[in-house]
Participant: 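Pasting a structure here, questions to come.
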Amino acid sequence: MEREERIWFGALILVFLAFNAITLSPLVPWQEWLLWSQPAPSQRIAIEFGNYQIKLPPQGIKVKAGEYVEFIATSTDVTYGLGAFRPDGRLVFQMQVLPGYENRLVWKFDAPGTYAVRSTEYSGPRHPEMFIKDAIQVIP
Amino acid sequence: MVKIGWLEKWTLRFAVAALVWLAINGFEGVVMRTQMIAPEAVGGLEAALNLIRPAAHTPSSAEVYYSMLTAHPICGVYGFAYMAVMGAFYFLVPTLLKKEIRHKRLVPINFWLQIVSVFAAWGAGFFLLFNSLYTLYWPLPVSYDRVPLIGSIVFAIGAAGIMINILLFSYNIFSTVLSKSNPHPYSLGQFLRSTLGISQLLKWLGKKKADDPQPDPAELPVFIVAVARGSVDTVINAVVLLTAGALILIYGLAALFQTPLNPGVVSALVYKNWYWWGLDMVADGNVLIYTAGVWYLLVPLLVGRKLYAESVVRTVILADLLVSLGVWSHHLLADRPQPLVMTLLSGQFVTWGEFFTMGLTIFTSLMTIWLARPVKFTPALKFVLGSIFGFIMGGTAGLIQANVGLNLVLHNTQWVISTHAHTMLLSGLGMLIFAVIYALIPMLTKLEIRSQRLVRLHFWTWIVGSTAMAYAMGMAGVQGMLRRTLYPLPNPYEPHMAIALVGALLMTIGFLAFLVNVLWTLGWPNTLSLIVSDKWLQTRFHMAEP
């Protein structure tokens, strides 16, 4: 390796280390519970997908801000996606919903408000219809 | 008029077919982008196309949109990119090795089989409304309440044809390299030693002196090494996708003959791992390795200097191949049943291997140009630099999304498909293919590119257009816009989509400037000679001696 190449290679290693250290750390907030602490959830919420429908629990979804909740999503036919969105459309979290599996994700909402649920994976031409406004209510 | 040789003519034919597919691809992109911001503007076109679609019912706008979205990457990747690569390699490999193509009959077979197969797979979407998208997530392609049965079967047949054709092409390239029909035959052992970097390994192990000249006299040119290693990925990709296509075909035929099979016996997660492992041999495999090989070939030729640090380059290409075998999990970071060790190792850390291999590849290419100063910025060199810019932009975006933390808010958003994928394909790979065409036309025809002004127009409209499109879509993605969702109007992403449409139109202007320039350079008689017989032309044009 020539000298310039060694310097460049060293720079690449530094970028690799810095980027991965930052993004694996709790500086990315959800890494704290998804990767490191893995806390026990205070509530489990089952959501069923099938035939272009998102079936929420009959009593709706009401969670407390700052508490850990676990979403358990299942599909009866094809692959869907569970995504929670802020009222302005920004994505909060998502996961794929594979048929034949219990797809689990622990989340902690940091602020009260209402959140929409949308399927984040294409499941056929009626996929855009899979949207529920104000599906999750987060209380103080 | 000039006389164009047999092989040169076939290379140009592959290039023409590739450009036709790119034009279709661009047309689809503009139509879909327009549908997102002004659906009424494409209503007439949709109605006209519905007249020739053999569907039992009038499809909804969403069905048409998703069918076009399914067809779009087929013609972009297997029509445009693969046909351009096939044409270029069929000329470059034998020329660099001073050999004949081993099986000449396979060249036209590859040409026509690719066109017919891509047309079948693309047409299954565009005309027959197969709408499973290129991801083909199980069991959607066999869920006939959502996708049309006949469309599914035709798609599977077309996809199988493409993969078989790619295997034939790869066989012909490998057998050409190994053929003993010239003064520089390579034994299988020499070929493997060269392509697997054994000489370098022996040096590391102390079995060979470190100051031995690199490459060995018996070693293959570095471009051929890249073609060989990239083709390992190409073959794996073809075999894996062939199995997926066969599975879809079996289910389709069973349903057609009223004996439907249960899709539940195939695990959606196992299938997804298998499918993405194969598909990534293109996206994170041969695209990067072939690109590196073309840079290593073109840059020294264009600047008139030996490639900087060639021995390292050979190792880098091997590392590229090894990395490509293990990165597929970055497509499954949002799949919670996927084991964490897989998402962290394969999905995130191994993917960073590409940062090192492409980082060193780009450094080598730029250092070669830097050390050759002053250099003449020929059309090909300009587009090589444009392609490097594209790979830096698209690769960086890819690393950001291939992260177990950040993927949570980026997966399946417009960021993934634009800032990463479209930048890699349009700015990176697209500009590289243009660079190759600009470089090859004078080599194939002895004609110089006619208008530098049109080259500049092509360059700037393409790079500004593709960047604007990628950036606008990417920012929409950061704000939550999904990549496979038709949002009802009005929605907060309309301004982003409008800017993306302007970017697409700029690229259209650049593409037209390129076509005009190429046709002007070749002239009508030479262009016609690609599709009609020389005998017919000789009666109408004076043909110069080669």
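A, B, ... follow the sequence lines: proteins, then strands. Residue 1 opens every chain.
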Participant: Ring centres under 6.0 Å, that's the criterion: do A:Tyr122 and B:Tyr66 meet it?
Facilitator: yes
Participant: Please classify the contact of A:Leu12 with chain B as side chain, backbone, both or neither, using a heavy-atom distance under 4.5 Å.
Facilitator: both
Participant: Examine whether an atom of A:Phe93 lies under 4.5 Å from a heavy atom of chain B, and if so say whether it belongs to the side chain, the backbone or both; otherwise answer neither.
Facilitator: both
Participant: What residue in A:Met130, A:Glu5, A:Arg90, A:Arg126 has the most heavy-atom pairs under 4.5 Å with chain B?
Facilitator: A:Glu5
Participant: Would you say the side chain of B:Asn412 lies within less than 4.5 Å of the side chain of A:Gln96, judging by non-hydrogen atoms?
Facilitator: yes
Participant: I'd like to know which of A:Met95, A:Glu2, A:Gln94 tops the heavy-atom pair count under 4.5 Å against chain B.
Facilitator: A:Gln94
Participant: Apply side chain to side chain contact (heavy atoms under 4.5 Å, CB included) to B:Val323 and list each qualifying residue two or more places apart in sequence or on a separate chain.
Facilitator: B:Val327, B:Val350, B:Glu354
Participant: Select, from B:Gly264, B:Pro337, B:Pro488, B:Pro492, the one with the greatest count of heavy-atom pairs under 4.5 Å involving chain A.
Facilitator: B:Pro337
Participant: What residues of residues 360-369 of chain B sit under 4.5 Å from chain A when only non-hydrogen atoms are counted?
Facilitator: B:Leu360, B:Phe363, B:Thr364, B:Met367
Participant: Tell me, side chain or backbone of A:Val97 under 4.5 Å from chain B's heavy atoms, or both, or neither?
Facilitator: neither
Participant: Which atoms of A:Leu98 are under 4.5 Å from chain B, going by heavy atoms: the side chain, the backbone, both sets, or neither?
Facilitator: side chain
Participant: Which of residues 23-31 of chain A have a heavy atom under 4.5 Å from any heavy atom of chain B?
Facilitator: A:Thr23, A:Leu24, A:Val28, A:Trp30, A:Gln31
Participant: Looking only at side chains, do B:Tyr137 and A:Ser123 share a donor and an acceptor under 3.5 Å apart?
Facilitator: no
Participant: How far apart are the closest heavy atoms of B:Thr485 and A:His127, and which atoms are they?
Facilitator: OG1-NE2, 2.9 Å
Participant: For A:Arg86, is it the side chain, the backbone, both or neither that has a heavy atom under 4.5 Å from a heavy atom of chain B?
Facilitator: neither
Participant: As an exercise: rank B:Thr413, B:Leu140, B:Val478, B:Asn491 by heavy-atom pairs under 4.5 Å with chain A and give me the winner.
Facilitator: B:Leu140
Participant: Are the side chains of B:Asp145 and A:Asp77 in contact, using a 4.5 Å heavy-atom criterion?
Facilitator: no
Participant: Supply the atom-to-atom distance B:His411 NE2 to A:Thr120 OG1, rounded to the nearest 0.5 angstrom.
Facilitator: 7.0 Å
Participant: Under a 3.5 Å distance rule, please check whether B:Arg336 uses its side chain to pair with a backbone N or O of A:Arg104 as donor and acceptor.
Facilitator: yes
Participant: Which distance, rounded to the nearest 0.5 Å, do you find between the OG1 of A:Thr79 and the OH of B:Tyr271?
Facilitator: 10.0 Å
Participant: Would you please go through residues 42-65 of chain A and name the residues with a non-hydrogen atom below 4.5 Å from one of chain B, in numerical order?
Facilitator: A:Asn51, A:Tyr52
Participant: Tell me the closest heavy-atom pair linking B:Leu482 and A:Ser119, and the distance in Å.
Facilitator: CD1-O, 3.8 Å
Participant: Quick one: of B:Asn131, B:Ile400, B:Leu340, who has the most non-hydrogen atom pairs under 4.5 Å with chain A?
Facilitator: B:Asn131
Participant: Among A:Phe85, A:Phe19, A:Phe9, which residue forms the greatest number of heavy-atom pairs with chain B at distances under 4.5 Å?
Facilitator: A:Phe19
